[in-house]
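Heads up: the structure comes next, in structure tokens.
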Amino acid sequence: MAEFASDEWFTEATSRLASAPRAEVEPGRTQRVVLELTGGPSSAVHAMTLSVSGEGSSLEAGDHLMADVVLRLNWDVARAISEGTLESATAIRDGRLKVRGDVAVLVNLLPWFQVAIAPAP
């Protein structure tokens, strides 16, 4: 398994997303979830953006100004979710993941979010 948020990790996430089903979103529209990461190493990415449209999906380092929803979470929490030692629903329930923006978009994109950051099978 690649180290969380490394170049190899993003490559693996991109590969998983490429094989995910196409999203049913409004034609010509892209929905975005930004993960703001706090408390991580200074050399690490501070954010990542999941973009999903009818044409496909991607996960990239950095934030996007046109995000529909922003998830703010600690680096260690994000890493635990990606390693499979913590479920995102548990992190939300425990208040370790803060949501800002259109929660309906988050619910719609949750399957792609889980594909993107879930541990490799």
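The analysis underlying the following values was restricted to heavy atoms, covering all of them including side chains, and did not include hydrogens, waters or symmetry mates. Count residues from 1 along the sequence.
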Here the pair of heavy atoms bringing Val45 nearest to Ala61 is CG1-CB, 3.6 Å
What heavy-atom pair brings Leu17 and Ser58 nearest, and what distance separates the two atoms? CD1-C, 3.7 Å
When rounded to the nearest 0.5 angstrom, what is the spacing between CD1 in Ile92 and CG in Leu97? 5.0 Å
Decide, yes or no, whether a salt bridge links Lys98 with Glu36 under the criterion of side-chain N to carboxylate O below 4.0 Å. no
Is there a path of hydrophobic side-chain contacts, each under 4.5 Å between heavy atoms of I/L/V/M/F/W/Y residues, joining Val69 to Met66? no
CA sep, side-chain torsions, deciding dist, call: Arg29, Asp68, side-chain contact (heavy atoms from CB on, under 4.5 Å): CA-CA 11 Å; Arg29 176 147 158 58; Asp68 296 286; 3.0 Å; yes
Ser57 versus Val52, closest heavy-atom pair with distance: CB-CG2, 3.9 Å
Stepwise side-chain contact (heavy atoms from CB on, under 4.5 Å) check, Trp9 with Met48: CA-CA 12 Å; Trp9 184 87; Met48 53 185 77; 3.8 Å; yes
Once you round to the nearest 0.5 Å, how far does CD of Gln31 lie from CG of Leu106? 10.5 Å
Roughly how far apart are Leu35 CG and Leu71 CG, rounded to 0.5 Å? 5.0 Å
How long is the span from the CD atom in Glu12 to the CG atom in Asp7, to the nearest 0.5 Å? 11.5 Å
Under the side-chain contact (heavy atoms from CB on, under 4.5 Å) rule, what do Val25 and Thr30 come out as? Steps first, then yes or no, please. CA-CA 8 Å; Val25 297; Thr30 300; over 6 Å; no
Least distance between heavy atoms, Phe10 atom then Glu60 atom: CE2-C, 3.7 Å
Intermediate values then yes/no, side chain to side chain donor-acceptor pair (under 3.5 Å), Ser6 and Glu8: CA-CA 5 Å; Ser6 66; Glu8 183 183 356; 5.2 Å; no
Return the OG to NE2 distance between Ser51 and His64, rounded to the nearest 0.5 Å. 6.0 Å
Search all heavy atoms of Thr49 against all heavy atoms of Gly62 and return the closest pair with its distance. OG1-O, 2.7 Å
Please give me the minimum heavy-atom distance between Ala13 and Ala116, naming the atom from each residue. CB-O, 3.3 Å
Do Asp94 side-chain atoms and Arg96 backbone N/O form a donor-acceptor pair below 3.5 Å? no
Answer with yes or no whether the side chains of Thr90 and Arg93 bring together a donor and an acceptor at under 3.5 Å. yes
Using a strict cut-off of less than 4.0 Å between a Lys/Arg side-chain nitrogen and an Asp/Glu carboxylate oxygen, indicate whether Arg32 and Asp63 qualify as a salt bridge. no
Any heavy-atom pair between the side chains of His46 and Leu37 that's under 4.5 Å? no
Do Leu86 and Val77 have side-chain heavy atoms sitting under 4.5 Å apart? yes
Cluster link Ile81 to Trp75, ILVMFWY, side chain under 4.5 Å: yes
If you link I, L, V, M, F, W and Y whenever their side-chain heavy atoms are under 4.5 Å apart, who else ends up in the same group as Val34? Val70
Distance alone, cut at 3.5 Å: any donor-acceptor contact between the side chains of Glu83 and Thr85? no
From OG (Ser15) to CG (Leu59), nearest 0.5 Å: 12.5 Å
